[in-house]
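Residue numbering restarts at 1 for every chain, and letters A, B, ... go by the order of the sequence lines.
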Number of protein chains: 2
Amino acid sequence: MDAIDLSLLELLRGNARLSYAELARQVGLSAPAVHERVGKLEASGVIRAYRAEVEPEAVGLGVTALIGIVEDSGGDTDDVLEAFRRMPEIESCYFMAGVESFLLKARVGTIAELEQLIVRLNRTPGVASTRTSIALSTKWENRPQPVAPPFT
Amino acid sequence: MDAIDLSLLELLRGNARLSYAELARQVGLSAPAVHERVGKLEASGVIRAYRAEVEPEAVGLGVTALIGIVEDSGGDTDDVLEAFRRMPEIESCYFMAGVESFLLKARVGTIAELEQLIVRLNRTPGVASTRTSIALSTKWENRPQPVAPPFT
DNA sequence: TACAGTCCGTGGACGCCATCGACCTGAGCC
DNA sequence: GGCTCAGGTCGATGGCGTCCACGGACTGTA
């Protein structure tokens, strides 16, 4: 993991569909060299995936909500997590410090669907309570940090 | 925007580096047809970007925090937003319903950097107070919803 | 019905790209 | 020195991206 790897990561975070030839030109190596470096970054898990970022409204997911979850004292955290994992509306799941053990980001089409999701969450064994905040608009999301910090 | 477009979106959300030829095979069209459809999805803004998803720890960003912002009654929301936009640590920014006008997701390298970020946020004109929760671990993030809902 | 226009696809062509193997070079180590 | 290995370049080749000409389905109009 050197400066060239960091440039590659930055380029691919900006546009994941750049060709190896183009990446090679940008970092000043040959295409096969870049191919091998990117392959290693993928294999070692530094690059987790390549994703197209889709406008949520365009696929009928206009409602974004952030939901804090307070866990039941008796519940099994793994079971709760597994239940969350089975709910496709939950796009992100963070295990938090604080009273609320989890913070979920969910995306649904309508407020009615959000209501159903909250009901399902409250019924989930191990969940003591939920606290939902609705996002009126997403100013930006998953913005790549422009420069990677100095590296060891 | 028909069923084929939705399949293309789903395929590209799963792997943004699929070739047009491969996409064409999956949806049963020719490569040029897919090329044109994807081009239109990009032009119309349905596809916002293609991003490589990078393991944050691997680039020295091991600390994730979610920060709620209460706005000053006198402040200008646009100015506050602009100030946030200039802080690269802020990866996502939602405008919320509720007492806290914004929810920010920030990623930094160390707790010390988080402290500096919070100080900067509290000093920002228009910000009345902040409430920071630290994510101990990210269970998952930006998971693509498996199937797009029925479409009009 | 006939006709023209539009949309959206296919197939062919051509140049660039991905990818493989062979080879080169410098660093580290006996 | 000479071995080994990591990591690069170069050259070849098959597949891919992309442009263009063409054609069928649908629609509105005479």
If you restrict it to nitrogen or oxygen atoms, what contacts under 3.5 Å exist between nucleotides 4-8 of chain D and the protein, and what is each distance?
from, atom 1, to, atom 2, distance (Å)
D/dG7, OP2, A/K40, NZ, 2.9
D/dG8, OP1, A/R37, NE, 3.0
D/dG8, OP1, A/R37, NH2, 2.7

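- In this model, no donor atom of one side chain and acceptor atom of the other lie less than 3.5 Å apart for B/E141 and A/S92.
- Across B/L8 and B/L23, no two heavy atoms sit closer than the pair CD2-CB, 4.1 Å.
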Evaluate the salt bridge (Lys or Arg N to Asp or Glu O under 4.0 Å) criterion for residues A/R48 and B/E55: first the C-alpha distance (whole Å), next the side-chain angles of each, then the deciding distance (0.1 Å), finally the verdict. CA-CA 6 Å; A/R48 281 199 296 225; B/E55 184 73 31; 3.3 Å; yes
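- Side-chain polar atoms of B/E71 and B/T77 form a donor-acceptor pair below 3.5 angstrom.
- Taking the six-membered ring wherever Trp is involved, the centroid distance between the rings of B/F102 and B/Y94 does not fall below 6.0 Å.
- For the pair A/R120 and A/F84, the cation does not sit on the ring face, since its NZ or CZ is not both under 6.0 Å from the ring centre and inside 45° of the axis.
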N/O-N/O pairs, protein side and nucleotides 17-21 of chain C side, under 3.5 Å:
from, atom 1, to, atom 2, distance (Å)
C/dC17, OP1, A/R25, NH2, 3.4
C/dA18, OP1, A/Y20, N, 2.7
C/dA18, OP2, A/Y20, N, 3.4
C/dA18, OP2, A/A21, N, 2.9
C/dT19, OP2, A/H35, NE2, 2.4

For B/L121 and B/M87, run side chain to side chain contact (heavy atoms under 4.5 Å, CB included): C-alpha distance rounded to whole Å, both residues' side-chain angles, the deciding distance at 0.1 Å, then the answer. CA-CA 9 Å; B/L121 285 170; B/M87 300 180 192; 3.7 Å; yes
